[in-house]
Amino acid sequence: MSVLIIVFLTAVIALFSGVFEQGKFARYIGILGLIIALYVSFMPECSFFDHYKHMYEYSANTALFTKLSIVTTLLLFFLGGFAFSNHRSHQSELYALMLFALVGGIVLFGYQNLVTMFLGVEILSIPLYVMAGANKTDLRSNEASIKYFLMGAFATGFLLFGIAFIYGSAGSFDLYKIHDFGVANASNVMFILGVLLILCALAFKVALAPFHMWSPDVYAGSPSLITAFMASVVKISGFFALFRLMTIGFAGVTHEWINVLGVFLIITLLLANVMGLAQTNAKRMLAYSSVSHAGYIGLVFFGMTSLSTYNLAFYLFAYALSTVGVFMCLIWVEKLKRETSFGAFKGLAKTEPLLATAAAISMLSMAGVPLTAGFMGKFALFSQAMNGAAFLVLVAVLGSALSIAYYLRLIIAMFFFKESTFKSSEKVTLTYNVVAVFVIVTIIVLGIFPDLFAKMFGL
């Protein structure tokens, strides 16, 4: 909980820094606060917070996923100086909202009952509704904000209705008491209905089909840095919240929800990858890519072992790194070209080889090409799921094969055009080059030596 408090206070200070110099210090305040929070996350939790364990517990798993989300947010903050250059009048609000959303994510990593989970979901979601509409003069951004808000309201209704059914049948919000009730009353209709309603609500949050319909428009309309935050940090938070709930609270009725989830994954893997092939805009393609990765990550629920949590963390970190690598390139191109079509990327490698290489390696990692972190993440999840759902793994492999086609279209545009459409005077900043090197090295090193992941995060 110490990390939670540090991130919250950083968000408050960043917000009020907007009083000075149009909030230009907010980014540096956020970076400093996140570095302190990351350092504290490696320290033992203060015993004072033991009083709150019935609501929120900072366990080893909570610490691991908190570190993942902080590292990812920190990388995005480094990209913010250039990405938010046209938001000078309200930069402090955007950075503060990102930090407040991160607070909600951290709550979701350690919740012990359904009330805390609901608070975490809302603290995470509400800032995102605002950030999606940050480009006030852009109709697509306005559409993204209102669409995300309306669909999010429906999902919240499902979540609250499900929580009401669970409480009405189990008589408790506590995850472990709910688990005990499920084991003893596995055929209770009200309880099972509550489980399915909550599953649908959280499937919306992580963009599992058929609850993904908001994702392409919201991702495409939001500012690109916010889209990267949604596709990485929000994905990490949402999936661990779902994983924690299903493997602790609802583990007693696994046979009632696992097949429903399996259907969601099949629809997600096939629909998202087919739709990704049809896109002509890189940002919308990455939106469908994000949906497809929700399908791959969902395989963690099948054939579960003692390493499932570790496999989930590894995959989410590999995906988050790849997301940062691709969106870093997209942000720079969008600023120069005012568009994100595949054609806008033509010849980028001739002008900015490091940026293009980071994006290419990131997409190859997303596709699961060997010697990348993404390959090791997929291999671990697929191997695990083979024990309980071989057919789902077959669908996932097919989806991965399809994804290579739409990732290659962007790679070909960057590397295989003789003429560059970028002016040599338009050079990317040093910060972007440093982040690009970090992304490239980390993806390749984790792809060759995956055990280093445990050492990086103090496991």
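Since the model is a prediction, treat every value here as computed from it, not as a measurement.
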Query raised in the report: Which residues satisfy the side-chain hydrogen bond (donor to acceptor under 3.5 Å, both in side chains) test with S289, sequence neighbours excluded?
Result: Y407
Requested in this report: Using side-chain hydrogen bond (donor to acceptor under 3.5 Å, both in side chains) as the criterion, list what pairs up with S322, not counting sequence neighbours.
Outcome: S365
Requested in this report: Answer with yes or no whether the side chains of T62 and S59 bring together a donor and an acceptor at under 3.5 Å.
Outcome: yes
Report task. Identify, with sequence neighbours excluded, every residue that meets side chain to side chain contact (heavy atoms under 4.5 Å, CB included) alongside I36. Result -> I6, L32, V40
Query raised in the report: Can you list the residues that meet the side chain to side chain contact (heavy atoms under 4.5 Å, CB included) rule with R409, with sequence neighbours excluded?
Result: T280, F342
Query raised in the report: Just by modelled atom types, is the V130 backbone N or O under 3.5 Å from a matching donor or acceptor in the S145 side chain?
Result: no
Requested in this report: Please determine, by modelled atom types, if N113 and T116 share a side-chain donor-acceptor pair under 3.5 angstrom.
Outcome: yes
Query raised in the report: Who are the ring pair (Phe, Tyr, Trp, His ring centres under 6.0 Å) partners of Y406, not counting sequence neighbours?
Result: none
Requested in this report: Write out all pairs satisfying side-chain hydrogen bond (donor to acceptor under 3.5 Å, both in side chains) with one or both partners inside residues 184-212, taking only residues at least two apart or from two chains.
Outcome: S125-K205
**Report entry** Pairwise side-chain hydrogen bond (donor to acceptor under 3.5 Å, both in side chains) hits with a residue in residues 234-258, at least two apart
**Finding:** Q112-R244, K235-S290
Query raised in the report: Got a sec, which pairs hit side-chain hydrogen bond (donor to acceptor under 3.5 Å, both in side chains) with one end in residues 149-173, sequence neighbours left out?
Result: E122-T156
Requested in this report: List for me each residue that meets ring pair (Phe, Tyr, Trp, His ring centres under 6.0 Å) alongside F154, sequence neighbours excluded, and say none if there are none.
Outcome: none
Query raised in the report: Parallel, tilted or perpendicular: which fits the ring planes of F314 and F453, with parallel below 30° and perpendicular above 60°?
Result: perpendicular
Query raised in the report: Any cation-pi pair here, K283 with Y219, using under 6.0 Å and within 45°?
Result: no
Report summary line: Hits for ring pair (Phe, Tyr, Trp, His ring centres under 6.0 Å) against F211, two or more places apart or cross-chain, chain-then-number order -> F264
Query raised in the report: Once you round to the nearest 0.5 Å, how far does CE of M213 lie from CZ of F204?
Result: 8.5 Å
Query raised in the report: Do S308 and Q384 have side-chain atoms, one donor and one acceptor, less than 3.5 Å apart?
Result: yes
Report task. Return the orientation label for the F109 and F65 ring planes: parallel under 30°, perpendicular over 60°, tilted otherwise. Result -> tilted
**Report entry** side chain to side chain contact (heavy atoms under 4.5 Å, CB included) involving Y28 - partner list, sequence neighbours excluded
**Finding:** none
Query raised in the report: Who pairs with I166 by side chain to side chain contact (heavy atoms under 4.5 Å, CB included), at least two apart in sequence or on another chain?
Result: L114, I178, F191, V195, I198, F250
